[in-house]
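Just below is one structure, and these are the notes that go with it.
This one's a predicted model, so the numbers in the text were calculated from it and none came from an experiment. So you know, we letter chains A, B, ... as the sequences are listed, proteins then strands, and number each from 1. Excluded from the calculations below are hydrogen atoms, water molecules and symmetry mates; all remaining heavy atoms, backbone and side chain alike, are included.
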Amino acid sequence: MPELPEVQTIVNDLKTAGLVGATISGARVCWSRTIAEPSVDEFCSQIIGQKIADISRRGKFIVFSFVSGLTMLIHLRMSGRLNIVDACADCTKHEHIIFNFGTNLHLRFHDTRKFGRIHLLKDPGRILDKLGPEPLDEKFTQEILKKRLLAHKRMLKPLLLDQAFIAGLGNIYVDEALWEARIHPCRTSCSLTDREIRSLHRAICLVLRRGLKNLGTTLGDGETNFYSVARRKGRNRDELRVFRRTGEPCPRCRTLIERMVVGQRSSHICPVCQQLEGR
DNA sequence: GTCTATGTTTGCGG
DNA sequence: TCCGCAAACATAGA
C-alpha cells in the first residue's frame, strides 16, 4: 500500500513522464466520491486550463501545484493508482477520474477500493499543516523525535502510524523500523531510553530510504497492490525483514517471526529481538 | 459460493 | 488525552 517511499516513487515517475509544464484541458469524473472538494461540477470547471508548476509530496499526499496558485492534493489511501496511458486506451474497470491534456495522453486515477480522495483548493495548508514532520527531511532530528515521543503517553506503534505525529509511515515501514530498532510495538512512547530513540530515528530513516531506493514495496500480483505509473512494481518486498514473514526466521537471531494485533493492526515482530520486559 | 482479513483515514463513544 | 470500534470499499485467499 502506498506509504512514503511508494508515493515519492509515483511523484518521481510523474515528473519523469514530463507532466510538469503540462496544462490540464479537462477532467471526467466517473466516481464522484473520489472528489473530496469542491463539488464535482466546480472541480471539473476549475481544473480546465490549470498548468502544472510542480509535483511534490507531503506525507502520503501527492501535491500538484498549479501556476494559478491552486493546489490539487491526491491521497491514494489503500489502492489508489495514477496511470499515464494513451488517450485512446479503453477505460478499465476502476478508473474513476480521467485528466486530459489535449494530447494523446491521459492521466487516470485508478482505485479498486474507492477510498482515495482528491482535493482542489486554494489553501493546501488547511490539510497539510496538520501533518507531523517529514521523516526524511534534515530538520527531522533525533532531538525532535525525542521531544515528540516524550510529549505523549501512547503505545508506540499506533503513535508512529498517526500522521499528525510523523508523516508518511504506514503498517509496513513501522513494523520494519521497529524490528531494525529492536523495540516492541506495545512500548509506551515516553518509556523509551535515549539509546532506543536514537536507534528508532536511524531505523525509520533506514527503512524509508531502502524502500525508496527499491522503488517501493509491491506485496503480490493482485489489483489492490502497489504499482507506480506505467504499472511498474516496487522491488522492496525482498528487503522486508519481518512484514508478512510470520513463521520465517528472524534475519538476526533465527527465532521465528510472530504476528500479533496491536491497535487493531497486524504487526510482525521477532519475539527475541523485540521484548516488552515489563516496561 | 461463502466467509474473513486486509490496510488508511475519519469520526464517535467511553 | 487516549483507546477501541465502525465505516468507507473491493478483492484475495481460505
(request) Report which part of the nucleic acid R77(A) touches: base, sugar-phosphate, or nothing (heavy-atom distance under 4.0 Å, all strands). (result) base
(message) Please give me the minimum heavy-atom distance between I97(A) and V29(A), naming the atom from each residue.
(response) CD1-CG1, 3.8 Å
(request) Map every base of DNA chain B to its dot-bracket character, where paired means a Watson-Crick or G-U wobble contact with both distances under 3.5 Å and | marks a partner outside the strand. (result) .|||||.|||||||
(message) With a 4.0 Å cut-off on N to O distance, would you call R241(A) and E239(A) a salt bridge?
(response) yes
(request) Nearest-nucleotide wise, let me know which of G222(A) and W31(A) is further upstream toward the 5' end of DNA chain C. (result) W31(A)
(message) Looking at S189(A) and R154(A), would you say the former's side chain and the latter's main chain have a donor-acceptor pair under 3.5 Å?
(response) yes
(message) So does N100(A) get a backbone contact from the side chain of S25(A), meaning a donor-acceptor N/O pair under 3.5 Å?
(response) yes
(message) Would R58(A) pass as a cation-pi partner of F61(A), given that its NZ or CZ must be under 6.0 Å from the six-membered ring centre and within 45 degrees of the axis?
(response) no
(request) Please check if the side chain of D111(A) supplies one atom and the backbone of G116(A) the other of a donor-acceptor pair under 3.5 Å. (result) yes
(request) Check the distance between dT9(B)'s C1' and I118(A)'s CD1 and give it to me in whole angstrom. (result) 16 Å
(message) Distance check, C1' atoms only: dT2(B) and dA8(C), in whole angstrom units.
(response) 22 Å
(message) Could you tell me the boundaries of the chain A footprint on DNA chain C, defined by atoms under 4.0 Å from its heavy atoms?
(response) dC2(C) to dA12(C)
(message) Between C1' on dT8(B) and CG on L160(A), what's the gap in Å once rounded to a whole number?
(response) 16 Å
(request) Round to a whole Å and report the spacing from NZ of K130(A) to C1' of dT10(B). (result) 10 Å
(request) Work out which heavy atom in H96(A) is nearest to a heavy atom in K114(A); give both atom names and the distance. (result) NE2-CG, 3.5 Å
(request) Specify the separation, in whole Å, of atom CD1 of I127(A) and atom C1' of dT10(B). (result) 13 Å
(request) Specify the residue among P158(A) and R117(A) whose closest nucleotide of DNA chain C lies further upstream toward the 5′ end. (result) P158(A)
(request) Report, as a single string ordered 5' to 3', how protein heavy atoms within less than 4.0 Å touch nucleotides 1-6 of chain B: B base, S sugar-phosphate only, - not at all. (result) ----SB
(request) Let me know the distance between CD of E37(A) and P of dT10(B), rounded to the nearest Å. (result) 12 Å
(request) Check R259(A), R244(A), R245(A), K157(A) against D175(A) for a side-chain hydrogen bond (donor to acceptor under 3.5 Å, both in side chains) and give me the one that passes. (result) K157(A)
(request) Quick one: closest heavy-atom pair of R265(A) and N171(A), and the distance? (result) NH2-CB, 3.5 Å
(request) Considering only NZ, NE, NH1 and NH2 on the basic side and carboxylate oxygens on the acidic side, decide whether R187(A) and E196(A) come within less than 4.0 Å. (result) yes
(request) Can you tell me the distance, in whole Å, between the CD atom of Q163(A) and the C1' atom of dT8(B)? (result) 8 Å
(message) Regarding E223(A), tell me which of base, sugar-phosphate or nothing describes its non-hydrogen contacts under 4.0 Å with the strands shown.
(response) sugar-phosphate
(message) I'd like to know if D54(A) pairs up with K15(A) as an ion pair, taking the criterion as any Lys NZ or Arg NE/NH1/NH2 lying under 4.0 Å from an Asp or Glu carboxylate oxygen.
(response) yes
(message) For residues V207(A) and F140(A): do they belong to one hydrophobic cluster (side chain heavy atoms under 4.5 Å, members Ile, Leu, Val, Met, Phe, Trp, Tyr)?
(response) yes
(message) Taking only the P atom of each, what is the distance from dT4(B) to dA6(C) in whole angstrom?
(response) 14 Å
